[in-house]
Amino acid sequence: MKKIKSTLLTVLSVSALITGMTSCSKKDKSDFVFKIGTANSGLCGAPLHIGIDKGIFAEEFGKAGLKFETIEINIQEATALCVSKKIDASLGLAGSLIPQMDNGLDVSFLTGVHTGCTKFYVKADSPYKTVADLRGKVIGFPGVQDSSTIAFQRKYFDLGIPAFGPEADFTIAVYNLPDLPLALENGAVEAVGLHDPIAYIAERDYGFRNILDTTSDEKFSQEYCCMTFVSNDVAQKYPEHTKAFIRAVLKASAYVQANPEDSAKLQIENGQMSGDVEANGYLLRTYNYTPSVNLAGKTVENTIDQLVDMGVMQNVKDKEGFVKNHFISFDGVPDSYVYNSDGTYSETYVSKL
């Protein structure tokens, strides 16, 4: 995959870039405050929490002489808050965000955060052994366009099973995420798609059998589940702020990958997560928090390519152009970092998760 250039280069002429360099620099050094949306409830948001707790955001923005602030949000409202300019960047489930982009959501992905965290279960005594066995069955999901639904549809599509629209060979039943385990236990559905920590708790408490795990699945283990995103308007007007955010998230993700238990401890100590360190540390350890800009781009490419072919994204006529409009990378920003035992970070390139 060719490195995808910043959306800036697709919307500004070369001459405008040259003549605007000075004003852009002044704008980046102005009083603009880059607003990062964080949620004190999501284990997946560990890199944002660690970025705060370890002072990584402060360091990266400080080195560039730029301002930022973190704002506590409901992560389910992150994209709406971004569009309304209440925040400028956050993270979310890629599978849930990409279909929204088909309907005009004007944000772009920046980095991969981690793989895994979405799992599919049947009851322990269920006769269904594989995803293919669920043809014609009722499956419970948190939403019609939730990332778990999208992942299940993509898996069906890979198996050659009708996955979307009136011909889809399964029925979607929507429940609130916390209610899904009980729906499966009571027989209202025959399988469920869950996100951690609900997935982990349901497997532990009900003894459900995992039938598909995005952490270990051959396909999904090579794609990011959660990714950071930014308002396109802010990325264009304030590229230096956006680059500082990218560097900070890459470093914070690398820290979580190297120190899952300590990350879990920091989250709990700072009121960013409930639960206990051992369980939360275990979950963080099961995900792959290896960050990458390059592989984030590939995740977007692969997902859009398949969703367009499936008919989920009906407004996309140019796949390559759509990716360029919704994924940004910048020259001068490394693909990834690794956290070293001496507390330093080293730049690296990640070709495979």
Side-chain angles (χ1 to χ4, degrees), residues 36-57 70-76 78 90-93 112-121 123-124 140 142 146-148 175-185 192-216 220-221 224-228 248-249 251-291 339 341 343:
I36 303 168
T38 67
N40 288 348
S41 60
L43 192 64
C44 292
L48 297 186
H49 299 152
I50 294 303
I52 298 169
D53 301 341
K54 300 291 291 184
I56 302 172
F57 285 128
T70 57
I71 300 174
E72 173 66 14
I73 64 170
N74 178 343
I75 201 66
Q76 303 300 322
S90 189
L91 61 76
L93 292 159
V113 176
H114 70 82
T115 65
C117 95
T118 302
K119 303 174 176 68
F120 300 83
Y121 293 97
K123 295 178 69 171
D146 184 76
S147 64
S148 61
Y175 290 81
N176 291 327
L177 180 59
D179 297 330
L180 279 167
L182 190 59
L184 178 58
E185 178 68 11
V192 291
L194 301 174
H195 305 298
D196 281 325
I198 298 294
Y200 170 78
I201 295 170
E203 183 175 350
R204 181 194 65 193
D205 292 352
Y206 291 96
F208 294 155
R209 176 160 45 85
N210 192 307
I211 200 169
L212 173 62
D213 188 339
T214 58
T215 304
S216 56
F220 294 118
S221 65
Y224 288 107
C225 174
C226 288
M227 297 174 61
T228 56
V249 170
K251 287 184 176 181
S253 297
Y255 184 90
V256 177
Q257 176 67 9
N259 303 280
E261 285 79 13
D262 185 61
S263 298
K265 181 172 179 288
L266 285 169
Q267 284 182 294
I268 291 174
E269 288 179 347
N270 289 288
Q272 296 153 329
M273 271 299 298
S274 57
D276 63 82
V277 172
E278 183 177 356
N280 290 4
Y282 165 77
L283 286 173
L284 291 179
R285 192 166 63 250
T286 63
Y287 309 150
N288 187 344
Y289 272 94
T290 300
Y339 180 78
S341 58

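These numbers come from the heavy atoms of this one structure, side chains and all, not from hydrogens, waters or symmetry mates. Small disclaimer: the values here were computed from a predicted structure and weren't measured.
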If you count the non-hydrogen atoms of other residues, nucleotides and ligands that lie under 6.0 Å from NZ in Lys265, is the total more than 12? no
Is there a side-chain contact between Leu184 and Phe208, using heavy atoms and a 4.5 Å cut-off? yes
Pairwise distance CG(Asn270) to CG(Asp53) - rounded to 0.5 angstrom: 4.0 Å
Passes side chain to side chain contact (heavy atoms under 4.5 Å, CB included), Thr115 versus Thr214? Steps please. CA-CA 7 Å; Thr115 65; Thr214 58; over 6 Å; no
For a quick test of reading the model, state the closest non-hydrogen atom pair linking Ala264 to Val277 and the distance between them. CB-O, 3.9 Å
Decide side chain to side chain contact (heavy atoms under 4.5 Å, CB included) for Cys225 and Phe220; before the verdict, give the C-alpha distance in whole Å, the side-chain angles of both, and the deciding distance to 0.1 Å. CA-CA 8 Å; Cys225 174; Phe220 294 118; over 6 Å; no
Any sub-3.5 Å donor-acceptor pair from Asn280's side-chain atoms to Ser274's backbone N or O? yes
So which heavy atom on Phe120 is nearest to which on Ser148, and how close? CZ-O, 3.2 Å
Walk me through it: do Glu203 and Leu194 pass the test side chain to side chain contact (heavy atoms under 4.5 Å, CB included)? CA-CA 10 Å; Glu203 183 175 350; Leu194 301 174; over 6 Å; no
Rounded at 0.5 Å granularity, tell me how far OH in Tyr255 sits from CG in Asp262. 3.5 Å
When you measure from the side chain of His49 to the backbone of Gly271, do you find a donor-acceptor pair of N or O atoms at a distance under 3.5 Å? no
Distance, nearest 0.5 Å, that separates CG of Leu93 from SG of Cys117: 5.5 Å
For Ala78 versus Ile73, what's the shortest heavy-atom pair and its separation? CB-CD1, 3.8 Å
Nearest 0.5 Å, please: how far is CD1 in Ile75 from CG in Leu91? 5.0 Å
Going by heavy atoms in the side chains, are Pro181 and Asp205 under 4.5 Å from each other? no
Hey, could you give me the OH/CD1 distance between Tyr289 and Ile50, rounded to the nearest 0.5 Å? 9.5 Å
Does Pro178 offer a backbone N or O that forms a donor-acceptor pair with the side chain of Asn176 under 3.5 Å? no
On the 0 to 90° scale, with breaks at 30° and 60°, tag the Tyr287-His114 ring pair as parallel, tilted or perpendicular. parallel
Intermediate values then yes/no, side chain to side chain contact (heavy atoms under 4.5 Å, CB included), Ile52 and Leu48: CA-CA 6 Å; Ile52 298 169; Leu48 297 186; 5.7 Å; no
Going from CG on Asn210 to OG on Ser216, what distance comes out if it is rounded to the nearest 0.5 angstrom? 7.0 Å
How close do His195 and Ser147 get, heavy atom to heavy atom, and via which atoms? CE1-OG, 3.2 Å
On a heavy-atom basis, the closest approach of Val113 and Tyr224 is N-CD2, 3.6 Å
Tell me whether Glu72 at atom CD has more than 12 heavy atoms from other residues, nucleotides or ligands lying less than 6.0 Å away. yes
Compare all side-chain heavy atoms of Pro142 with those of Leu180 and state whether any distance is below 4.5 angstrom. yes
Would you say the side-chain atoms of Asp196 pair up with the backbone N or O of Ile198, donor to acceptor, closer than 3.5 Å? no
Does the side chain of Tyr200 reach to within under 4.5 Å of the side chain of Tyr282, using non-hydrogen atoms? yes
Mind listing the closest non-hydrogen atom pair of Ala124 and Gly207 along with its distance? CB-O, 3.4 Å
Using modelled atom types only, decide if a donor and an acceptor are shared between the side chain of Asp213 and the backbone of Thr215 within a distance under 3.5 Å. yes
